[in-house]
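Worksheet: the structure to be examined is printed underneath.
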Amino acid sequence: MGEDHYKERKLKEAMFYYHSLQRRSGRFQRFSKGAQDSFTDKIPAAVHSAITAAIRQMIELSLTSSNYIYPIQVEEKWSFEQREKEVRKVINRYKTTARLEGAGTGAGGILLGMADFPLLLSIKMKCLFDIGRIYGFDVTGFSERVFLLQIFSATFSSGETRVKLWEEIRHWNDVSGAIEDVNWRVLQQEYRDYIDLIKMVQLLPGVGAFVGAIINGKFLEQLGTAAMHAYRIRMLK
């Protein structure tokens with residue numbers, strides 16, 4: 001397959017993904033929100049606090065530090081297709097790490113289950129930073145870090161918020177990456193609401209390890225897929 005044909009096919013896949021997000025069933029979203037509202041009050045306040053604190057720390061580290069930047073091999077001569085092969089390897093590696101971490105903390109009950117939140121966030125962000133570098137972007141720059149957080153927020157949001165964030169991703173080049181006023185409060189709330197109901201099950205005795213492993217792997221798959229489509233739209237559109 002030629003490089004141009006590969007790029008054309010992957011851009012079509014990315015745009016199909018983008019448009020599919022716009023068409024998600026409103027009824028399903030209302031059901032999810034109703035279920036979320038009915039369970040949120042039952043989640044221990046300490047869990048809510050742990051998630052909020054972890055997200056705040058993740059945001060600060062993402063924008064200001066090198067904590068998520070680890071040595072990886074990236075070659076400038078790589079074609080777009082080769083870069084995507086390397087990205088898939090990275091996603092699979094982090095999925096394995098997330099599964100092991102989720103199984104370990106899920107088996108430990110509430111205290112270790114709470115510890116899973118910051119650990120999983122760190123794994124997700126390391127994965128995103130690696131993906132950005134493999135696609136050829138300098139993730140030490142502020143605007144590129146904002147783009148990574150935009151992908152993260154869009155992946156773990158729902159409804160109109162998700163649509164708005166993806167619309168910004170689609171037109172990121174048009175504003176030269178100038179979307180720097182990210183609404184961090186919305187990011188925290190959307191992420192917490194997105195994972196609360198699922199991660200609460202991880203705190204239950206007997207099933208926590210199984211749920212932790214499966215769900216953590218699923219979260220990394222979602223994030224990796226979203227990141228690939230976001231970069232395809234940004235680089236190929």
Side-chain angles (χ1 to χ4, degrees), residues 10 13-14 17 21 51 54-75 78 80-106 115-157 162 165-166 169 172 182 184 187-188 190-192 194-195 198-199 202 212-235:
K10 293 306 173 182
E13 290 179 11
Y17 175 87
L21 296 177
I51 297 173
I55 295 172
R56 184 179 298 113
Q57 182 182 39
M58 177 271 288
I59 292 169
E60 293 173 353
L61 291 176
S62 298
L63 294 175
T64 63
S65 77
S66 59
N67 286 45
Y68 299 131
I69 301 178
Y70 285 75
I72 60 172
Q73 181 181 358
V74 180
E75 302 288 344
W78 281 346
F80 189 81
E81 184 175 3
Q82 180 61 40
R83 290 179 188 276
E84 294 221 310
K85 289 180 180 178
E86 297 299 322
V87 166
R88 291 189 188 94
K89 292 178 184 178
V90 163
I91 294 171
N92 288 332
R93 185 166 68 247
Y94 279 107
K95 280 174 60 178
T96 299
T97 301
R99 285 170 179 160
L100 293 173
E101 183 273 322
T105 55
D116 174 68
F117 295 118
L119 291 173
L120 181 59
L121 276 171
S122 179
I123 293 169
K124 289 174 179 176
M125 293 311 300
K126 289 174 183 175
C127 182
L128 274 180
F129 270 68
D130 283 1
I131 290 173
R133 293 157 71 193
I134 292 172
Y135 274 113
F137 291 87
D138 179 8
V139 297
T140 62
F142 183 80
S143 63
E144 289 306 322
R145 292 175 180 230
V146 171
F147 184 69
L148 296 178
L149 283 171
Q150 184 87 355
I151 295 172
F152 178 92
S153 187
T155 304
F156 301 111
S157 295
R162 179 180 58 199
L165 292 170
W166 270 100
I169 288 174
W172 196 266
V182 178
W184 307 126
L187 189 158
Q188 292 182 20
E190 286 287 333
Y191 182 73
R192 194 182 75 175
Y194 190 94
I195 70 170
I198 301 173
K199 298 299 283 183
Q202 187 178 342
I214 297 299
I215 295 303
N216 281 12
K218 180 65 175 177
F219 281 155
L220 263 294
E221 179 68 30
Q222 285 180 282
L223 184 62
T225 298
M228 292 186 75
H229 288 315
Y231 276 108
R232 287 167 177 170
I233 291 173
R234 183 180 178 186
M235 297 172 70

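Predicted, not measured: the structure shown is a model, and the values here were computed from it. Along the sequence shown, residues are numbered consecutively beginning with 1. Hydrogens, waters and symmetry mates play no part in the numbers below; they use all other heavy atoms, side chains included.
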Exercise for review: Report the distance from atom CD1 of I123 to atom OH of Y68, rounding to the nearest 0.5 Å.
Suggested key: 11.0 Å
Review point. Taking side chain as C-beta onward, heavy atoms only, is F152 less than 4.5 Å from L121?
Key: yes
Review point. Any side-chain heavy atom of R234 within less than 4.5 Å of one from I169?
Key: no
Exercise for review: Show the numbers, then the answer: is there a side-chain contact (heavy atoms from CB on, under 4.5 Å) between L149 and M125?
Suggested key: CA-CA 8 Å; L149 283 171; M125 293 311 300; 4.0 Å; yes
Check your understanding: Do V90 and R93 come within less than 4.5 Å of each other through their side chains, counting heavy atoms only?
Key -> yes
Practice item. Check E75 against R83 and note the closest heavy-atom contact, atom names and distance. Key: O-NH2, 3.4 Å
Practice item. Give, for atom CH2 of W78 and atom CD of E86, the distance between the pair rounded to the nearest 0.5 Å. Key: 4.0 Å
Exercise for review: Evaluate the ring planes of F156 and F219, with Trp represented by its six-membered ring, and classify them as parallel (under 30°), tilted (30 to 60°) or perpendicular (over 60°).
Suggested key: perpendicular
Practice item. Determine whether V87 and M228 make a side-chain contact, defined as any pair of heavy atoms from C-beta on separated by less than 4.5 Å. Key: yes
Check your understanding: Near Q82 CD, under 6.0 Å, is it more than 12 heavy atoms from other residues, nucleotides or ligands?
Key -> yes
Review point. Do K126 and N67 come close enough that some side-chain heavy atom pair is under 4.5 Å?
Key: no
Practice item. Give the minimum heavy-atom separation between Q150 and L165, together with the two atoms involved. Key: NE2-O, 3.3 Å
Exercise for review: Assess whether atom NZ of K218 is packed by more than 12 heavy atoms of other residues, nucleotides or ligands within 6.0 Å.
Suggested key: no
Check your understanding: What class does the angle between the rings of Y17 and W166 fall in, given that below 30° is parallel, 30 to 60° is tilted and above 60° is perpendicular?
Key -> perpendicular
Check your understanding: Excluding sequence neighbours, so at least two apart, what forms side-chain hydrogen bond (donor to acceptor under 3.5 Å, both in side chains) with T96?
Key -> none
Review point. Looking at R145 and L63, what are the two nearest heavy atoms and their distance?
Key: NH1-C, 3.7 Å
Check your understanding: So how far is it from I134 CD1 to R88 CZ, rounded to the nearest 0.5 Å?
Key -> 11.5 Å
Review point. Between A98 and N216, what is the shortest heavy-atom contact and its length?
Key: O-ND2, 3.1 Å
Practice item. Looking only at non-hydrogen atoms, find the nearest pair between L220 and K95 and report the distance. Key: CB-CG, 3.6 Å
Review point. Heavy-atom distance under 4.5 Å between the side chains of T225 and I91, does that happen here?
Key: no
Point to revise | Straight-line distance of S157 OG to L21 CG, nearest 0.5 Å | key: 11.0 Å
Review point. Would Y94 and D130 satisfy side-chain contact (heavy atoms from CB on, under 4.5 Å), going step by step from the backbone distance to the final call?
Key: CA-CA 10 Å; Y94 279 107; D130 283 1; 2.8 Å; yes
Practice item. Given salt bridge (charged side-chain N to carboxylate O under 4.0 Å, His left out), test K10 with E81 step by step and report yes or no. Key: CA-CA 9 Å; K10 293 306 173 182; E81 184 175 3; over 6 Å; no
Review point. Are L148 and S62 side-chain neighbours, meaning at least one heavy-atom pair lies under 4.5 Å?
Key: no
Review point. Does some side-chain heavy atom of T155 sit less than 4.5 Å from a side-chain heavy atom of K124?
Key: no
Check your understanding: For residues 59-71, which residue pairs qualify under salt bridge (charged side-chain N to carboxylate O under 4.0 Å, His left out), counting only residues two or more places apart or in two chains?
Key -> none
Review point. Parallel, tilted or perpendicular: which describes the rings of Y231 and Y135, with under 30° parallel and over 60° perpendicular?
Key: parallel
Exercise for review: Work out which heavy atom in L128 is nearest to a heavy atom in A227; give both atom names and the distance.
Suggested key: CD2-CB, 3.8 Å
